[in-house]
Amino acid sequence: MLISNFLTDTMKSAGLFRIQDCAFEGNTIKAHVGICKTHWILGCHFPGKPIVPGALLVELLEELCSVALKRRLSVATIKNARFKRPLDALVDSVRVEVNISKQEDNLTAEANFFLTDTKEEAATAAAEAGSKADNKAASITAVLRYNGHDLCFIVPFYNNSKTVAGVIKSIQDFGYQVIAVNDGSTDGSCKEAREAFPYQLVSYDKNKGKGYAIRQGFKRAAECGFKYALVFDADGQHTLSGAESLIEKWKNFSEKDRYRSIVIGSRNRRGADSGGVFANNFSNFWLKVQTLRALQDTQSGMRLYPLNRIMKICFLGNRYEFETEVLVRMAWRGISLVEVPVDVIYPKDRVSHFRKRADFARISVMNTFLTIGALFYGYPRMLFERLFRK
């Protein structure tokens with residue numbers, strides 16, 4: 001698997017390294033990394049003969065593993081570090097090879113940093129050194145851990161070029177992996193999302209609706225090994241403080257309860273206009289009829305889902321009606337619907353794709369289907385879950 005187009009600054013050290021190419025096959029990462037020769041830190045370490053600090057090689061190891069495994073990782077401990085030769089910052093690039101092994105919930109990474117690429121260059125370097133030294137500059141063995149408790153963010157977007165890059169970047173800075181889903185954008189949103197460099201970007205040409213986009217995000221998240229996903233809108237209305245409230249509530253659950261709960265961000269301002277408020281209240285009423293549960297904000301797009309349970313169901317709705325369908329059908333299966341108060345922002349330039357007539361009609365049709373389904377399937381299934389699957 002070749003990870004290309006990573007010709008940008010990705011290091012925490014503000015652009016010292018640039019990943020030029022990165023291949024991950026089996027359990028081995030092979031990469032070439034360029035060094036920014038004009039970086040300010042090289043003027044300090046050491047003036048006249050710039051040497052890359054060893055601590056920054058640890059950051060490089062962390063970033064390479066995160067890129068290759070498509071999940072945000074952080075170094076927990078350094079088991080071994082040997083610096084055999086100075087890593088001269090004036091070289092064009094450094095070759096890095098990393099062998100990865102998994103132990104329970106952690107990874108052990110053994111990284112070797114080379115100054116030269118070929119045996120001939122290694123022989124020349126050894127001759128110049130007057131010894132049998134090889135071309136290895138440093139080796140580091142570290143234990144890395146996953147960030148986010150097997151949780152990622154899913155950001156579906158459609159023609160949100162003004163906001164999507166900033167939303168993705170803010171989540172990455174928050175410390176979580178982002179899976180962005182381009183739902184057939186035509187305004188350059190996909191380019192903006194790529195410039196934010198999420199490790200995962202799902203994209204297709206034709207707009208198919210928010211519900212479809214969210215499910216594509218679920219699919220990619222499950223493929224990457226995540227167990228939970230927090231859906232976060234790309235239009236700028238959701239806040240990281242709101243997401244943090246959901247995550248803190250979720251963290252306090254037992255593992256069993258996490259697996260059996262959907263956490264919903266109940267907005268302090270429900271709907272940017274009267275149409276949105278009416279649609280939300282309409283959905284709230286029918287969800288109570290269909291599930292015998294009362295919620296304040298069934299149309300909130302900020303939700304934290306258990307992927308293993310979600311992936312077992314074939315949903316019908318592809319647009320906004322999916323957000324109603326998923327709550328009802330998961331409630332029928334014994335999933336708890338937990339609300340957490342969150343703040344939202346409605347910027348003046350916010351782009352909303354909710355079509356009052358068309359989407360309200362789709363939601364109405366879905367509610368008709370779900371109400372009939374509740375009579376013949378939902379109520380009996382909820383009774384069964386309550387009696388036999390506590």
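Since we're looking at a predicted model, the values are computed, not measured.
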Notebook entry, point to check: Once the angle between the rings of F153 and Y176 is folded into 0 to 90°, is it parallel (under 30°), tilted (30 to 60°) or perpendicular (over 60°)?
Noted result: tilted
Note to self: Are the side chains of V96 and L64 in contact, using a 4.5 Å heavy-atom criterion?
What the structure shows: yes
Next item on the list: Using only heavy-atom distances, determine whether the side chains of Y204 and D183 contain a donor-acceptor pair under 3.5 Å.
Entry: yes
Margin query: Just checking F83: does its CZ atom have more than 12 heavy atoms from other residues, nucleotides or ligands closer to it than 6.0 angstrom?
Written below: yes
Note to self: Using side chain to side chain contact (heavy atoms under 4.5 Å, CB included), reason through L61 and E59 one step at a time and then give a plain yes or no.
What the structure shows: CA-CA 5 Å; L61 169 61; E59 285 195 11; over 6 Å; no
Checklist line | Sidechain-backbone polar pair: R145 side chain, T77 backbone, donor-acceptor under 3.5 Å | finding: no
Notebook entry, point to check: Just by distance, with hydrogens left out, do T371 and Q290 show a side-chain donor and acceptor under 3.5 Å apart?
Noted result: yes
Next item on the list: For the residue pair Y158 and V164, establish whether any side-chain heavy-atom pair is separated by less than 4.5 Å.
Entry: no
Item checked: Exercise: do R303 and Y305 side chains pair donor with acceptor under 3.5 Å -> yes
Item checked: Heavy-atom pair of closest approach, residues A222 and L307 -> N-CD1, 4.1 Å
Notebook entry, point to check: Is the closest side-chain donor-acceptor distance between T324 and Q299 under 3.5 Å?
Noted result: yes
Margin query: Contact between I262 and P306 at the side-chain level, heavy atoms closer than 4.5 Å - yes or no?
Written below: yes
Next item on the list: Would you tell me whether R95 and N112 have side-chain atoms, one donor and one acceptor, within less than 3.5 Å of each other?
Entry: no
Note to self: Is it true that, when you exclude D205 itself, more than 12 heavy atoms of the residues, nucleotides or ligands shown sit nearer than 6.0 Å to its CG?
What the structure shows: no
Margin query: Can you confirm whether T239 sits close enough to I345 that some side-chain heavy atom of one is under 4.5 Å from a side-chain heavy atom of the other?
Written below: yes
Item checked: Spatial distance of atom OG (S283) from atom CG (L327) [nearest 0.5 Å] -> 9.5 Å
Item checked: Side chain to side chain, V344 and H238, heavy atoms closer than 4.5 Å -> yes
Check: Taking the six-membered ring of F315 as reference, does the NZ or CZ atom of R329 fall below 6.0 Å from its centre and within a 45° cone about the axis?
Finding: yes
Note to self: For a side chain to side chain contact (heavy atoms under 4.5 Å, CB included) check, start with the C-alpha distance between V52 and F17, then their side-chain angles and the critical distance, and finish with the verdict.
What the structure shows: CA-CA 10 Å; V52 177; F17 294 107; 3.7 Å; yes
Check: Looking just at side-chain N and O atoms, do R319 and N207 make a donor-acceptor pair shorter than 3.5 Å?
Finding: yes
Checklist line | Contact summary for R220 and L201, nearest pair of heavy atoms | finding: NH1-O, 4.3 Å
Note to self: If you compare all heavy atoms of C65 against all heavy atoms of L144, which two are closest, and at what distance to 0.1 Å?
What the structure shows: CB-CD2, 4.2 Å
Notebook entry, point to check: Side-chain heavy atoms under 4.5 angstrom apart, residues restricted to Ile, Leu, Val, Met, Phe, Trp, Tyr: same cluster for L287 and V365?
Noted result: no
Margin query: Contact between I264 and L337 at the side-chain level, heavy atoms closer than 4.5 Å - yes or no?
Written below: yes
Note to self: Whether the side chain of E62 engages the backbone of S74 through a donor-acceptor N/O pair (distance < 3.5 Å, no angle test) should be reported.
What the structure shows: no
Checklist line | Test item: E323 side-chain N/O and T298 main-chain N/O as donor-acceptor pair under 3.5 Å | finding: no
Check: So do the side chains of E385 and W332 get within less than 4.5 Å of each other, counting heavy atoms only?
Finding: no
Margin query: Tell me if the CZ atom of R293 is crowded by more than 12 foreign heavy atoms within 6.0 Å.
Written below: yes
Next item on the list: Measure across S185 and N159 and return the closest heavy-atom pair with its distance rounded to 0.1 Å.
Entry: OG-N, 3.0 Å
Next item on the list: Would you indicate whether the side-chain heavy atoms of F157 and D233 approach each other to under 4.5 Å?
Entry: no
Next item on the list: Over all heavy atoms of both residues, which pair between I78 and A142 is shortest? Give the atoms and the distance, please.
Entry: CD1-CB, 3.8 Å
Check: Measuring from I363:CD1 to T368:OG1, what's the distance to the nearest 0.5 Å?
Finding: 12.0 Å
Next item on the list: Go through the steps for E110 and K79 under the test salt bridge (charged side-chain N to carboxylate O under 4.0 Å, His left out), then give the verdict.
Entry: CA-CA 10 Å; E110 299 179 4; K79 298 177 67 175; over 6 Å; no
Check: Only one of R362, R215, K210, K208 forms a side-chain hydrogen bond (donor to acceptor under 3.5 Å, both in side chains) with N318, so which one is it?
Finding: R215
Notebook entry, point to check: Do side-chain atoms of E325 reach the backbone of L316 as a donor and acceptor pair under 3.5 angstrom?
Noted result: yes
Notebook entry, point to check: Can N367 and S364 be counted as having a side-chain donor-acceptor contact under 3.5 angstrom?
Noted result: no
Margin query: If we count only N and O atoms by modelled type, under 3.5 Å, do the side chains of D235 and T163 hold a donor and an acceptor together?
Written below: no
Notebook entry, point to check: Backbone N or O of Q296 within a donor-acceptor pair of the E339 side chain at under 3.5 Å?
Noted result: yes
Notebook entry, point to check: What distance do K162 atom NZ and D187 atom CG have between them, rounded to the nearest 0.5 Å?
Noted result: 9.5 Å
Next item on the list: Quick one: pull up CD1 in I214 and CD1 in I154 and give me the separation to the nearest 0.5 Å.
Entry: 8.0 Å
Notebook entry, point to check: Hey, mind stepping through S241 and D343 against side chain to side chain contact (heavy atoms under 4.5 Å, CB included) and telling me if it holds?
Noted result: CA-CA 8 Å; S241 61; D343 54 336; 3.1 Å; yes
Notebook entry, point to check: Do you know which two heavy atoms are closest between S170 and L240, and how far apart they sit?
Noted result: O-CD1, 3.5 Å
Check: Would you say the side chains of S203 and N182 form a donor-acceptor pair under 3.5 Å?
Finding: yes
Check: Ignoring hydrogens and geometry, is there a side-chain-to-backbone donor-acceptor pair from R258 to W250 under 3.5 Å?
Finding: yes
Next item on the list: May I have the step-by-step check of side chain to side chain contact (heavy atoms under 4.5 Å, CB included) for C152 and V178, ending in yes or no?
Entry: CA-CA 6 Å; C152 70; V178 178; over 6 Å; no
Check: In Å and rounded to the nearest 0.5 Å, what is the CG to CD1 distance from N160 to I168?
Finding: 10.0 Å
Note to self: Between S300 and S266 (side chain of the first, backbone of the second, donor and acceptor by atom type, cut-off under 3.5 Å), is there such a pair?
What the structure shows: no
Notebook entry, point to check: Which distance, rounded to the nearest 0.5 Å, do you find between the CG of D150 and the SG of C224?
Noted result: 12.0 Å
Notebook entry, point to check: Ignoring hydrogens and geometry, is there a side-chain-to-backbone donor-acceptor pair from N284 to A294 under 3.5 Å?
Noted result: no
